[in-house]
Student: 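Can you keep this structure in mind? I'll have questions shortly.
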Amino acid sequence: MVTAVILAGGLGSRISEETLTKPKPLINIGQKPIIWYIMCHFRKFGIKNFKIAAGYKVEMMKEYFMNLNTLNSDFEVNFKKNSISYKNKNFLDWNVGIYDTGLESQTGSRIKRLEKSLNLRKDGFFILTYGDGLSDINIKELIKFHLKHGKIATVTAVRPPARFGYLGVKDNNVTNFKEKNKADQGWINGGFFVLSQKIFKYLDSDESCVFESDPMERLSSDNQLMAFKHEGFWQCMDTKRDHEYLEKMLKEKKEYFKNDK
């Protein structure tokens with residue numbers, strides 16, 4: 001059974017308009033939080049086992065998942081009998097673990113603190129992603145790619161969203177104007193990692209351990225890091241502008257949300 005670890009403990013300071021009151025993964029896109037969409041995508045590929053590395057406002061994350069089945073179902077409460085009867089039961093088949101990995105912990109230490117709960121075999125692996133990024137990546141192909149190459153880590157490489165156009169200027173005259181496209185901007189870390197059990201040798205439980213810094217640099221220098229190139233949809237939610245863009249996509253049923261009900 002494959003487990004997906006979701007990093008969901010950061011402060012989300014670049015979108016503080018929302019994160020003052022809730023963790024960033026619980027920010028809604030429409031009527032559902034972004035972490036819901038991430039987990040539903042994994043579910044499409046048969047992945048139902050989740051470990052959530054929480055921290056900031058961890059109590060809200062716990063409350064959300066404790067009440068998720070009820071929130072997705074119609075029910076009646078009989079206060080006299082102290083009972084609940086469900087009229088449109090829509091219970092999920094997910095197995096979700098919520099772990100308080102610390103308020104100030106960085107990404108590497110959050111992963112390391114989940115080592116025992118993952119309980120992996122020596123040849124085992126797990127998936128890791130961030131709680132604020134959506135993609136239509138084929139998880140089955142990602143895992144297949146990772147296993148084929150036999151390295152410790154695979155990172156999904158994506159094109160960053162195009163935001164700025166190119167101006168060619170000579171003597172204050174614009175000689176060329178070109179809208180920037182994704183292909184002009186190279187590849188970036190898009191999350192959706194596959195990591196073998198050996199990854200924990202590169203991590204430290206000290207809260208200052210940043211996974212994307214020294215551990216990934218050492219994996220690269222040790223020739224233990226592969227890149228799975230994904231040319232399809234990918235969008236993070238770092239800022240208010242990103243959030244508004246995803247809301248607009250959902251409203252217009254575009255790209256990732258075109259089949260959303």
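The residues of the chain are indexed from 1 along the displayed sequence. Values in this document were obtained by computation on a predicted structure and should not be read as measured data.
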Student: Will you find, in the side chains of N90 and N72, an N or O donor that is under 3.5 Å from an N or O acceptor?
Tutor: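 Absent: no donor and acceptor within the cut-off.
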Student: With side chains defined as the heavy atoms from C-beta onward, is the minimum distance between F145 and V194 less than 4.5 Å?
Tutor: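 The answer is no; the side chains never approach within 4.5 Å.
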Student: Take a 6.0 Å sphere around NZ of K151 and say whether it holds more than 12 heavy atoms from other residues, nucleotides or ligands.
Tutor: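 For K151, atom NZ is crowded (more than 12 foreign heavy atoms under 6.0 Å).
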Student: Does a donor on one side chain sit under 3.5 Å from an acceptor on the other, for Y37 and K32?
Tutor: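 Their side chains do not contain a donor-acceptor pair, so the 3.5 Å distance test is not met.
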Student: Is I38 reachable from L71 through a run of hydrophobic residues whose side-chain heavy atoms are each under 4.5 Å from the next?
Tutor: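 In one cluster with L71: I38, yes.
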Student: My understanding is that only residues two or more places apart in sequence, or in another chain, count here; which of them pass side-chain contact (heavy atoms from CB on, under 4.5 Å) with L20?
Tutor: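 Partners of L20 by the side-chain contact (heavy atoms from CB on, under 4.5 Å) criterion come out as none, since no residue qualifies.
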Student: If you round to the nearest 0.5 Å, how far is CZ of F200 from NZ of K116?
Tutor: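 The CZ atom of F200 is 12.0 Å from NZ of K116, to the nearest 0.5 Å.
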Student: Do side-chain atoms of Q224 reach the backbone of A153 as a donor and acceptor pair under 3.5 angstrom?
Tutor: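 Pair absent, no side-chain N/O of Q224 close to backbone of A153.
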Student: Where the side chain of S117 meets the backbone of L114, is there a donor-acceptor pair that is under 3.5 Å apart?
Tutor: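 Confirmed, S117 side chain pairs with L114 backbone.
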Student: How many angstroms lie between CG in D132 and OG1 in T19, if you round to the nearest 0.5 Å?
Tutor: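 It is 11.0 Å, given to the nearest 0.5 Å.
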Student: Carefully, step by step, assess I143 and T154 under the rule side chain to side chain contact (heavy atoms under 4.5 Å, CB included).
Tutor: CA-CA 9 Å; I143 294 173; T154 297; over 6 Å; no
Student: Between atom CZ of F42 and atom CH2 of W94, what is the distance when rounded to the nearest 0.5 Å?
Tutor: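 One gets 11.0 Å once the value is rounded to the nearest 0.5 Å.
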Student: Salt bridge or not for K24 and E18, using N-O below 4.0 Å?
Tutor: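 Salt bridge between K24 and E18, a charged N being under 4.0 Å from a carboxylate O: no.
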Student: With heavy-atom distances below 4.5 Å as the criterion, would you say the side chains of I137 and F233 are in contact?
Tutor: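 They are not in side-chain contact.
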Student: State, to 0.1 Å, how close H41 and F45 come at their nearest heavy-atom pair, and which atoms those are.
Tutor: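 In this case the closest contact between H41 and F45 is O-CD1, 3.3 Å.
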Student: Between K112 and D204, is the side chain to side chain contact (heavy atoms under 4.5 Å, CB included) condition met? List the steps.
Tutor: CA-CA 6 Å; K112 180 67 173 179; D204 194 319; 5.8 Å; no
Student: Do the side chains of R241 and E244 get close enough for a salt bridge, i.e. N-O under 4.0 angstrom?
Tutor: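 Looking at E244 together with R241, the answer is no, because their closest N to O distance does not fall below 4.0 Å.
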Student: Working note: W234 + W187, criterion ring-ring contact (aromatic ring centres under 6.0 Å, His included); need CA distance, chi angles, decisive distance, verdict.
Tutor: CA-CA 12 Å; W234 177 87; W187 299 94; over 10 Å; no
Student: Report the distance from atom CD of E141 to atom NE2 of H146, rounding to the nearest 0.5 Å.
Tutor: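 One finds 14.5 Å between CD of E141 and NE2 of H146.
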Student: Grab the two heavy atoms, one from D206 and one from S109, that are nearest each other, plus how far apart they are.
Tutor: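 Here D206 and S109 meet closest at O-CB, 3.0 Å.
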Student: Does I139 reach the side chain of V2, with side-chain heavy atoms less than 4.5 Å apart?
Tutor: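 Not touching, per the 4.5 Å side-chain cut-off.
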Student: For the residue pair I52 and F65, establish whether any side-chain heavy-atom pair is separated by less than 4.5 Å.
Tutor: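 The answer is yes; the side chains approach within 4.5 Å.
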Student: Quick one: closest heavy-atom pair of K22 and Y56, and the distance?
Tutor: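 K22 and Y56 have their closest heavy atoms at O-CE2, 3.8 Å.
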Student: Evaluate the criterion ring-ring contact (aromatic ring centres under 6.0 Å, His included) for residue pair F126 and F193; output intermediate values, then yes/no.
Tutor: CA-CA 8 Å; F126 64 99; F193 301 85; 9.7 Å; no
Student: Can you establish whether the number of heavy atoms outside M60 located under 6.0 Å from its atom CE is more than 12?
Tutor: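 More than 12 within 6.0 Å, yes.
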Student: Of all heavy-atom pairs between M61 and P23, which one has the smallest distance, and what is that distance?
Tutor: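 So the minimum-distance heavy-atom pair works out to CE-CB, 4.1 Å.
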Student: Is there a path of hydrophobic side-chain contacts, each under 4.5 Å between heavy atoms, that joins M39 and I29?
Tutor: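 In one cluster: yes.
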Student: Between the side chains of Y202 and D214, does any donor sit under 3.5 Å from an acceptor?
Tutor: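 Looking only at side-chain atoms, D214 and Y202 do not form any donor-acceptor pair under 3.5 Å.
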Student: Got K48 and N95 here, is their nearest side-chain heavy-atom distance under 4.5 Å?
Tutor: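 No. Closest side-chain heavy atoms not under 4.5 Å.
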Student: So does R218 have more than 12 non-hydrogen atoms from other groups sitting under 6.0 Å from CZ?
Tutor: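 Above 12, so yes.
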Student: Decide yes or no for S85 and F75: does some side-chain heavy atom of the first lie under 4.5 Å from some side-chain heavy atom of the second?
Tutor: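 Answer no - side chains too far apart.
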Student: Between N189 and Y130, is any pair of side-chain heavy atoms under 4.5 Å apart?
Tutor: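 Yes; the side chains approach each other to less than 4.5 Å.
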Student: Between the side chains of H230 and N138, does any donor sit under 3.5 Å from an acceptor?
Tutor: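 No, because no side-chain N or O of H230 sits under 3.5 Å from a partner of the opposite role on N138.
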Student: Could you walk me through whether I27 and I15 pass side chain to side chain contact (heavy atoms under 4.5 Å, CB included), step by step?
Tutor: CA-CA 10 Å; I27 295 175; I15 191 169; 4.1 Å; yes
Student: Less than 3.5 Å apart, any donor N or O on the side chain of D242 or T239 sitting next to an acceptor on the other?
Tutor: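 D242 vs T239: donor-acceptor pair found between side chains.
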Student: How far does CD1 of I199 sit from CG of L128, to the nearest 0.5 angstrom?
Tutor: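 Output value for this atom pair is 9.0 Å.
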Student: Indicate, with yes or no, if I152 and F125 share a hydrophobic cluster defined by side-chain heavy-atom contacts under 4.5 Å among Ile, Leu, Val, Met, Phe, Trp and Tyr.
Tutor: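 No, because F125 and I152 fall into different hydrophobic clusters, even though each may have its own neighbours under 4.5 Å.
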Student: Looking only at non-hydrogen atoms, find the nearest pair between T107 and F211 and report the distance.
Tutor: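 Closest pair (atom of T107, atom of F211, distance): OG1-N, 3.0 Å.
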Student: May I ask you to decide whether D74 forms a salt bridge with K89, counting only side-chain N to carboxylate O separations under 4.0 Å?
Tutor: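 The answer is no: the pair does not qualify as a salt bridge.
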Student: Would a single hydrophobic cluster contain both L68 and I47, if residues Ile, Leu, Val, Met, Phe, Trp and Tyr are joined by side-chain heavy-atom contacts under 4.5 Å?
Tutor: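 Yes; tracing contacts between hydrophobic side chains, which count when under 4.5 Å, links both residues.
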Student: Between L26 and F50, is there a shared hydrophobic cluster once you connect ILVMFWY residues whose side-chain heavy atoms come closer than 4.5 Å?
Tutor: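 Same cluster: L26 reaches F50 through Ile, Leu, Val, Met, Phe, Trp or Tyr contacts under 4.5 Å.
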Student: What's the shortest heavy-atom distance between T101 and R110, and which atoms?
Tutor: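 Nearest pair, atom of T101 first, then R110: OG1-NH1, 2.7 Å.
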Student: Under 3.5 Å, is there a donor-acceptor pair between the side chain of N78 and the main chain of K81?
Tutor: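 Yes; at least one donor-acceptor contact below 3.5 Å.
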Student: With rounding to the nearest 0.5 angstrom, report the NZ to CG distance, K51 to N119.
Tutor: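 One gets 8.5 Å once the value is rounded to the nearest 0.5 Å.
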Student: Are more than 12 heavy atoms from other residues, nucleotides or ligands located less than 6.0 Å from atom CG of N82?
Tutor: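 No, CG of N82 has 12 or fewer neighbouring heavy atoms, counting only those of other groups under 6.0 Å.
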Student: CD of E252: more than 12 outside heavy atoms within 6.0 angstrom?
Tutor: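 Yes, enclosed.
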Student: Evaluate N88 against S73 for side chain to side chain contact (heavy atoms under 4.5 Å, CB included), listing each step before the verdict.
Tutor: CA-CA 5 Å; N88 182 25; S73 304; 5.7 Å; no
Student: Indicate yes or no: at least one non-hydrogen side-chain atom of F257 is less than 4.5 angstrom from one of L246.
Tutor: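 Side chain of F257 against side chain of L246, heavy atoms only: contact under 4.5 Å found.
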